[in-house]
**Q** 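Got a structure for you, written out below as C-alpha cells; questions coming shortly.
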Amino acid sequence: MSITAQMAPAGEAPQLSADNIDEVLAAMTLEEKAQLLVGGASNFAAAGAVVGGSAEAVPGAAGTTVAIPRLGIPATILTDGPAGVRINPTRPGDDKTYYATAFPIGTAVASTWNTALAEEIGRAIGDETKEYHCDVILGPGMNLHRNPLCGRNFEYYSEDPLLTGKIAAAYVRGVQSEGAGTSIKHFAVNSQETQRTSVDERASQRALRELYLKGFEIAVKEGKPWTVMASYNAVNGTLAQENRELLTDVLRTDWGFDGMVMTDWIGQRNTAAQVHAGNDLMEPGQAQQCEEIVAKVNSGELDIKDVDTSVRRLLEYIVKTPSFKRYPATDAPDLKKHAEITRRTANEGIVLLKNNGILPLSPDIKTVALFGVSSYEFLSGGVGSGCVHPPYVVDMVTGLANAGLSTTPRLTDTYRKYIQYAADKFEMDRHPAKWFQSPVMGQQKYPEISFSQYALATEEPLADAAIITIGRQAGEGIDREIDGDFNLSPDELEMLHDVTARFHSAGKPVIVIINSGSVIETASWKSLPDAIIVAWQPGMEGGNSVADILTGKANPSGKLTMTWPVNAIDHPSTQNYPLPMDLYTYNTMYDWTKGISGYHYTNHGEDIYVGYRYFDTFDKDVSYPFGYGLSYTDFEYSRPAVSAKGDDIAVSVTVKNTGRVPGKEVVQVYATAPDGTLEKPAKELKAFGKTRELKPGESETLTMTLKRRDLASFDESQSAWVVDPGTYQFHIAASVDDVRASVPLRVEGMTEKTTDALKPRVDFPRLSRK
Ligand code: BGC
C-alpha cells in the first residue's frame with residue numbers, strides 16, 4: 001500500500017473535527033494510522049507526520065501523540081503526574097520559570113477520605129496541565145498498597161479498593177472538568193517495583209476482581225477517564241499491554257470503558273499483539289513500532305480492523321484535548337491559589353497517631369529543638385516520574401517560624417552545616433556510573449546525626465519542646481528494604497531514645513513527625529514520644545501544614561488508608577514479596593531478554609487477604625489499624641439506620657462534636673456477609689463519609705449509600721459477581737477496629753455474569769480461613 005496512492009489531493013483532505021472522525025479515518029493512509037498509534041518520541045520523517053517529541057513541545061513532559069497536519073490532527077502532550085505537573089522548571093535561553101505546584105502525594109490525598117477535596121486538587125492539577133500546554137496528566141496512580149515495601153506506594157492511595165476507586169474517580173472528575181485528560185495507572189497489578197517490566201503477577205480471578213481491578217472499575221465507571229495506562233508487568237502469564245482479556249474483555253466489555261489505552265513507557269514489544277489486545281497508543285514511541293504495524297497489516301498478521309478501532313479511539317481522544325481546541329495556554333497557572341489548596345488538603349490528610357494531651361501546643365511553648373535531617377530537608381513528595389518541580393518547599397524551620405515558633409539556633413545551625421557537608425561529600429563520593437544512586441533513594445537523605453548525651457545535656461537553655469522528624473524517601477524503580485527503611489535505623493532509634501530521655505527528664509514534651517510516603521515500623525518506639533503525627537509527603541507547603549496541626553490552627557481529621565503492622569513480615573504478602581536490591585546490582589544482573597532469575601513471578605498467595613482484610617479476619621495485632629486517626633475533639637455517633645430501596649442501600653448516622661474545638665469526622669461503613677458458598681473477610685469497607693467542620697455541640701447526619709451489587713463477591717466457578725441472600729451486618733465505625741454500632745439488613749441475592757477473563761495458568765497455594 002503506498003502512501004501517495006491513498007492520499008487525497010492536497011487541499012481536499014478532510015480536516016479533523018468532532019463530527020467527521022469516520023471521514024478522517026477513511027482518508028488516512030496505513031502509514032498515518034500507524035504513526036498515530038505510536039508516540040512521538042522518535043523522529044518520523046514519513047507521510048507528513050510532524051515530530052512530536054515532547055522535548056520540543058513542552059520540555060520535561062513525558063510523551064506525545066504525533067501530529068498529522070494534512071488532516072488537521074495536532075500533536076498532544078502527556079505529562080507526569082500524579083501529584084502535579086512534572087515538566088522542566090527552567091529552559092535554556094529562557095528567563096521565565098515553569099514551576100508547578102507540588103500537591104500532597106496520593107496517600108496524603110486519600111487519607112483525607114474527602115472526595116470533594118480530591119476533586120478540588122484534580123481541578124487545580126487540570127488547570128496547571130492545560131496552562132502548561134499539556135493535554136493529559138499521567139495519573140492518578142491507583143495500584144493497591146499490597147505491601148508496605150512497594151517503592152511507589154506514595155503515589156497510590158490505599159490497601160482498600162473502594163477507597164482507592166472513589167478517590168481516583170474524584171481526582172479524574174476534577175482534572176477533566178478543566179478540559180484536560182487523565183490516565184489512570186498502572187493497569188494492572190503493578191504493586192511492586194522490583195522487576196516491574198517483566199514480572200508475572202499471578203493472582204486468582206477473585207483477588208483480581210475484588211481487589212486489584214476493583215479500584216480501576218470504580219474509577220472507570222464513576223470518573224470516566226479519557227485514558228488508561230497499561231502497566232509493564234504481566235498478569236497471569238500475559239503482559240498487561242498485550243493482554244486482550246485485561247484491556248478488552250474486562251476493561252471494555254465488562255466495564256464499558258470507551259476511552260483510549262496507552263502503554264506505560266517502554267520500547268518495542270509485540271506491537272501487533274498490543275494493538276490486538278486493545279492497547280491503542282504505544283508510548284513513548286519508536287519508529288520500528290510504526291514499521292511493524294504497517295508490515296503486519298500487510299502480511300495479514302494484524303487485522304486492519306484492530307488498527308482502525310484504535311485509530312478511532314485516538315481521534316476521539318484528540319478532539320477533546322486543549323491542543324485540538326487551541327486552548328490559549330498561559331504558562332502561568334495561579335501557583336499562589338494552588339499553594340493554598342495544597343496546604344488545606346495536606347492539613348486534612350495528616351493523621352494524628354498519638355496524643356497524650358500535649359497537642360495542640362500550648363501558647364507557652366515558644367521554642368522548639370528540631371531534630372532529624374528531614375526537619376531541614378523536608379520531603380514534599382516522592383522520587384521518580386511522580387516527582388514534581390515546585391518553586392519552593394516549606395521546611396519545618398520556616399513552617400514553625402511562620403506560626404510564631406522559633407527553633408534553637410545552635411542545633412538548627414549544626415544541622416544545616418551537616419546537610420551541606422553530607423550533600424558535598426555525597427557528590428564527591430559518587431561514582432559517575434552510579435548516577436541513579438541518588439541520596440534520596442530508599443530512606444532518609446543522609447544518615448542521622450548522633451548527638452552525644454553530653455551535647456543534649458548541655459544544650460542550654462533547653463527548648464520548650466523537641467520535635468523529631470523521621471523522613472523516608474522512596475520511588476519508582478526500586479522497592480523498600482525492611483532494615484533501616486521500614487524499620488528505623490539504629491541512629492534514628494538512638495536519637496529517639498536520647499532526645500526523649502533528655503526532654504522528659506526536664507518535664508518537656510517530645511513530638512515525632514513522620515515525613516514518609518508510606519508505612520514505617522512504630523510499635524517498638526511509639527511509647528516514647530508524647531505525640532506522633534503522620535505528615536506523609538504533604539506537598540510544597542509541608543512545613544506550614546505541620547505547623548497548622550501542631551498549633552491547632554487545623555484540627556487533624558485524616559485517617560489511615562492502610563494498616564500499620566507491628567512488623568513488616570506480618571503482612572502475608574511479605575512472604576512472596578521480592579527482596580529489594582540495590583539498583584546498581586539490579587541493573588548489573590538484569591538481562592533485558594530474561595530478567596533476573598527468581599524474580600520472574602509473584603504468586604499472590606495471600607489471595608483476598610490484603611491489608612486489614614487479613615489482620616481483621618485472622619485477628620492479628622497491628623500497631624495502628626486501617627481507618628484510624630485521632631482528633632483534638634471527640635465525636636459521638638447516634639444509633640445508625642440502614643434501609644434498602646430496590647438496589648440502593650442507605651446507611652445514616654448522626655455525628656455530634658462533643659468536644660471543645662471544631663473538627664471533622666470520617667465515618668466508615670463495613671459489611672459482614674452471611675455464610676454462603678464463598679469464604680469472606682470478616683468485614684469489608686462498603687461506604688464512607690466525612691462530616692463538614694462541626695463546631696462543639698453541632699451535629700450532622702451523614703447518609704452513605706451503596707448498591708446491592710457492592711456486596712458481591714466474585715465467584716470464579718461461574719465467572720460472576722454473586723450476592724448471597726441473607727442478613728448482612730452493617731458496622732458503623734471510626735476505624736476497622738473501632739465499631740460504634742452494627743445494624744442487620746436482609747438482602748436479596750443477585751448474580752451478574754462477567755467474562756471469564758484472566759485465569760491463572762499456574763497453581764499456587766491460596767490463603768484461606770478454613
Ligand atoms: C512510569 C509511569 C510514567 C511514565 C512516563 C513510567 O516509567 O511507570 O508512571 O507515567 O514512566 O514518565
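In listed order, ligands and their atoms are each counted from 1. Fair warning: this is a prediction, and the values are worked out from it, not measured in the lab.
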**Q** I'd like to know if Glu222 pairs up with Lys166 as an ion pair, taking the criterion as any Lys NZ or Arg NE/NH1/NH2 lying under 4.0 Å from an Asp or Glu carboxylate oxygen.
**A** yes
**Q** Taking the ring centre of each residue, are Tyr98 and His389 less than 6.0 Å apart?
**A** no
**Q** Counting C-beta onward and ignoring hydrogens, is there a side-chain heavy-atom pair between Arg480 and Ile520 closer than 4.5 Å?
**A** yes
**Q** Which atoms of ligand 1 sit under 4.0 Å from any heavy atom of Tyr232?
**A** 6 (C), 7 (O), 8 (O)
**Q** For the residue pair Glu541 / Tyr392, report whether a side-chain donor-acceptor contact shorter than 3.5 Å exists.
**A** yes
**Q** Need the ligand 1 atom indices (1-based, order shown) with element for anything under 4.0 Å from a heavy-atom of Glu476.
**A** 1 (C), 6 (C), 7 (O), 8 (O)
**Q** Taking the basic N atoms (NZ, or NE/NH1/NH2) and the acidic carboxylate oxygens, is any pair closer than 4.0 Å for Arg472 and Asp485?
**A** yes
**Q** Counting from 1, what ligand 1 atoms have a heavy atom of Ala62 closer than 4.0 Å?
**A** 5 (C), 12 (O)
**Q** Out of all atoms in ligand 1, which are within 4.0 Å of some heavy atom of His186? Include the element for each.
**A** 2 (C), 8 (O), 9 (O)
**Q** Which atoms of ligand 1 have any heavy atom of Lys185 under 4.0 Å away?
**A** 2 (C), 3 (C), 9 (O), 10 (O)
**Q** In terms of atom number and element, which parts of ligand 1 are under 4.0 angstrom from non-hydrogen atoms of Arg152?
**A** 1 (C), 2 (C), 8 (O), 9 (O)
**Q** Tell me whether ligand 1 is touched by Arg196 - counting only heavy atoms on the residue side and a distance under 4.0 Å.
**A** yes
**Q** Check the side chains of Thr65 and Thr76 for a donor-acceptor pair under 3.5 angstrom, ignoring hydrogens and angles.
**A** yes
**Q** If only atom types and distance count, is the side chain of Ser310 paired as donor or acceptor with the main-chain N or O of Val307 below 3.5 Å?
**A** no
**Q** Check each atom of ligand 1 against the heavy atoms of Leu138 and keep those under 4.0 Å away; list them by number with element.
**A** 10 (O)
**Q** Using a strict 4.0 Å cut-off to heavy atoms of Met229, name the atoms of ligand 1 that fall inside it.
**A** 10 (O)
